[in-house]
J.: 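I'd like to ask some things about the structure below.
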Amino acid sequence: MLLWRTSYLLAICAGINYLFWLSGVIDWHVWFLAIPFFVCELWFIINFLCTGILAFARETRKHWRSDTAASPLPSVAVLIPVCGEAKDIVSSTIDSALAISYAGDIKVFVTDDKGSSDIRDLARQKGVVYLTHPPHGEAKAGNMNRAIPGIMAMIPGVQWLLVIDSGDIVDPDILKYSAPYFAENRVGFVQVQRRFNMNNLPSDTGYFYDVIVPKRDRCDATFSCGSGAFWKIEALMELGGFSTWNIVEDYTTSYELQKKGWHGRYVLKALHIGICAADINGLVRQRYQWACDALRLAFWKNPLRDKTLALPIRWAYVEVAASYLLAFPVFVIRTIPLIVLWFDFPLFHLLERELDYWVYFTPFFCSRMLCDFTEFFAQKTPFCRLWGKQLSLHEGLIPLYIMAAVQTFAHGPEKKPRYHVTPKVADTRFQLYAVRFQIMWFCLNILTIMYGYNYHPTNPWLITATIWLLYSSLLLMPFISAAAATMYRGFRVCWNATLIMAWLGGLSVLALELIKYFN
């Protein structure tokens, strides 16, 4: 905690010092570049300041607990929503549900939104209850809402509903660690920590479940993450079922329950193993839906104005949307070096030495990275492996987040994008279309480095622009590489080698620029 506070204060001081220096050397005559650049840098530092203040408040706040009352073990229904998944995928989830150890009443249900005869036969074979309910609609939320009356009829007095997505596996002891929270008054949902069968796709799930969610739980700002969540039937009935206003049900249902005075809890123990998006196309679809959900809630329900919620909860929902909106300043910052080198604009005009920029920017960057490291270290989470994957994911999804924000705002509160089930099985084709923007971005970065060196060698921001273009390209490489992750080995090797050679070409240009600079 002390190390985090120190690094946070250092980052704020270094960031303010950098902004003051930047305001004096930037060429304000080139206002169409200077103003966006300065505003975006200011945006980053203000965002970091706000998230740091929130993190500090959460760390100093006592862990939320409500009063508890002794009660007999509640009855639990395990619900597995299915929508076209393969039989063997559903079978593994049913087996894990049947293996749950619990002294109270528990029963497993499969609710099938496709009405598949294979899934019906599988459910009968496994001895679990099969439900289907045409007409279908409202995606996963509608599927589960139509199943709840059947569950309540079969288990009179059922109190809790555990939702497990098809393909996911839960630990047999999931109720051992989750049930103690059921006795707390006004607890409407309990989310367990999740782990994923990791693949080669960029990911931030480790950072989210190990670092972000525990901090939110400390100030009663937990929200459900879909699978591996317990829902109190009484709370759902008060709400009228899972929310269908947004694309997926978990995020908005948590918000609506908290508005009605229900609380969420988080079990900081990995009791759930989920399936990551199987390929880059599934990842893009999944993240687009998540971004739209968070942005729709922020734009059209505006949690900050909802005084029925405690301030930490309101800020938690706004913070999620703000993380997606950071795509706009990142995009501007990544675009400016391209414009500077292609059109030879002097972004700085009072630099004594070109590398002075790094004298002021590097302390902020390093202290900012130290903040992340201390958060990972506190949760015993591997920093190097997960931090790189997280950065790559965010860099690659910048175009997607911008698109989500624009479409969410343009469509208004009544029109939501169509829900797509995340594929559980990878597509074996070359998924070029899913990374088309990232490939164009990568290629433009490398071409700009070559062009700037050959045609604008005296530009005072040549080295700095080259470094930033190489940094962006390096982060994009894992994202682009994932387009060939399901192809045969020879193709993958050629595809990745091409990316590496292109990036090394840009790196060699930087080396030439540095040799010329120091000579």
Side-chain angles (χ1 to χ4, degrees), residues 54-55 57-59 61-69 74 76-77 79 140-141 144 148 159-165 170 174-175 177-194 205 208-243 245-246 248-272 274 290 293-294 297-298 301 303-304 306-321 323:
L54 290 172
R58 289 164 184 159
E59 288 297 330
R61 184 184 176 101
K62 290 184 178 179
H63 205 297
W64 176 83
R65 284 284 192 277
S66 69
D67 295 332
T68 60
V76 177
L79 186 60
K140 179 183 171 184
M144 294 191 295
I148 290 175
Q159 294 172 272
W160 285 88
L161 181 70
L162 168 60
V163 176
I164 313 174
D165 285 348
V170 293
I174 188 170
L175 274 162
Y177 293 97
S178 303
Y181 299 112
F182 296 170
E184 296 184 21
N185 294 327
R186 299 297 290 179
V187 169
F189 61 92
V190 177
Q191 175 68 57
V192 304
Q193 188 180 26
R194 303 171 70 184
T205 55
F208 179 76
Y209 286 105
D210 292 355
V211 178
I212 297 296
V213 184
K215 291 193 298 185
R216 294 183 186 280
D217 184 53
R218 184 175 293 277
C219 59
D220 192 21
T222 301
F223 57 81
S224 168
C225 306
S227 186
F230 292 87
W231 300 88
K232 194 165 188 176
I233 298 290
E234 179 188 350
L236 289 175
M237 291 300 97
E238 184 178 332
L239 191 62
F242 290 99
S243 173
W245 179 79
N246 235 333
V248 292
E249 81 296 336
D250 48 5
Y251 188 73
T252 310
T253 302
S254 302
Y255 173 77
E256 296 294 346
L257 286 178
Q258 288 164 334
K259 283 180 61 176
K260 290 184 175 294
W262 293 94
H263 303 282
R265 299 293 284 117
Y266 181 62
V267 182
L268 188 56
K269 185 174 180 62
L271 300 166
H272 175 285
W290 292 357
D293 265 18
L297 187 68
K301 291 186 179 286
L304 279 181
D306 193 337
K307 295 184 179 179
T308 60
L309 292 171
L311 186 59
I313 301 176
R314 284 183 269 166
W315 272 113
Y317 285 99
V318 172
E319 189 181 16
V320 175
S323 68

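Just so it is clear, the values below take in all heavy atoms, side chains as well, and ignore hydrogens, waters and symmetry mates.
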J.: Given side chain to side chain contact (heavy atoms under 4.5 Å, CB included), test Val213 with Gln193 step by step and report yes or no.
T.: CA-CA 9 Å; Val213 184; Gln193 188 180 26; over 6 Å; no

J.: Would you say Tyr317 and Ser254 make side-chain contact, with heavy atoms under 4.5 Å?
T.: yes

J.: Would you check if Thr205 and Arg194 make a side-chain contact, meaning some heavy-atom pair closer than 4.5 Å?
T.: no

J.: Are the side chains of Trp315 and Cys219 in contact, using a 4.5 Å heavy-atom criterion?
T.: no

J.: Answer yes or no: is there a side-chain heavy-atom contact under 4.5 Å between Lys259 and Leu309?
T.: yes

J.: For the pair Arg265 (side chain) and Glu184 (backbone), establish whether a donor and an acceptor sit closer than 3.5 Å, ignoring hydrogens and angles.
T.: no

J.: Who pairs with Gln159 by side chain to side chain donor-acceptor pair (under 3.5 Å), at least two apart in sequence or on another chain?
T.: none

J.: Does a side-chain heavy-atom distance below 4.5 Å link Leu236 with Thr253?
T.: yes

J.: Output the distance between atom CD1 (Ile164) and atom NE2 (His272), rounded to the nearest 0.5 Å.
T.: 7.0 Å

J.: Just jot down the side chain to side chain contact (heavy atoms under 4.5 Å, CB included) partners of Ala235, sequence neighbours excluded, or say none.
T.: Lys232, Leu257, Trp262

J.: Between Lys140 and Asp165, is the closest basic N to carboxylate O distance under 4.0 Å?
T.: yes

J.: If the condition is side chain to side chain donor-acceptor pair (under 3.5 Å), which residues does Thr308 pass it with, not counting sequence neighbours?
T.: Asp306

J.: Arg216 side chain to Ala316 main-chain N or O, any donor-acceptor pair under 3.5 Å?
T.: yes

J.: Could you please spell out the steps behind the side chain to side chain contact (heavy atoms under 4.5 Å, CB included) verdict for Tyr255 and Ser243?
T.: CA-CA 9 Å; Tyr255 173 77; Ser243 173; over 6 Å; no

J.: At what distance, to the nearest 0.5 angstrom, does OG1 of Thr252 lie from CZ of Phe242?
T.: 12.5 Å

J.: Looking at Thr222, is its backbone amide N or carbonyl O close enough to the side chain of Gln258 to form a donor-acceptor pair, meaning the two atoms are under 3.5 Å apart?
T.: yes

J.: With a 6.0 Å cut-off on ring centres, are Phe189 and Phe223 close enough?
T.: no

J.: Do Pro312 and Asp220 have side chains that get closer than 4.5 Å, going by heavy atoms?
T.: no

J.: Mind checking side chain to side chain contact (heavy atoms under 4.5 Å, CB included) for Ala229 and listing every partner two or more places apart, or none if nothing turns up?
T.: Gln191, Ser224, Trp231

J.: For a side-chain contact (heavy atoms from CB on, under 4.5 Å) with Val187, tell me which candidate from Trp160, Phe182, Phe230 qualifies.
T.: Trp160

J.: If only atom types and distance count, is the side chain of Asp293 paired as donor or acceptor with the main-chain N or O of Asn246 below 3.5 Å?
T.: no

J.: Quick one: pull up OH in Tyr181 and OH in Tyr266 and give me the separation to the nearest 0.5 Å.
T.: 10.5 Å

J.: Please identify each residue that fulfils salt bridge (charged side-chain N to carboxylate O under 4.0 Å, His left out) with Arg314, with sequence neighbours left out.
T.: none

J.: Within this structure, what is the CG-OG distance for the pair Leu162 and Ser227, rounded to the nearest 0.5 Å?
T.: 8.0 Å

J.: Over all heavy atoms of both residues, which pair between Asp250 and Gly226 is shortest? Give the atoms and the distance, please.
T.: OD2-N, 3.0 Å

J.: Residues in side chain to side chain donor-acceptor pair (under 3.5 Å) with Lys301, at least two apart?
T.: Glu256

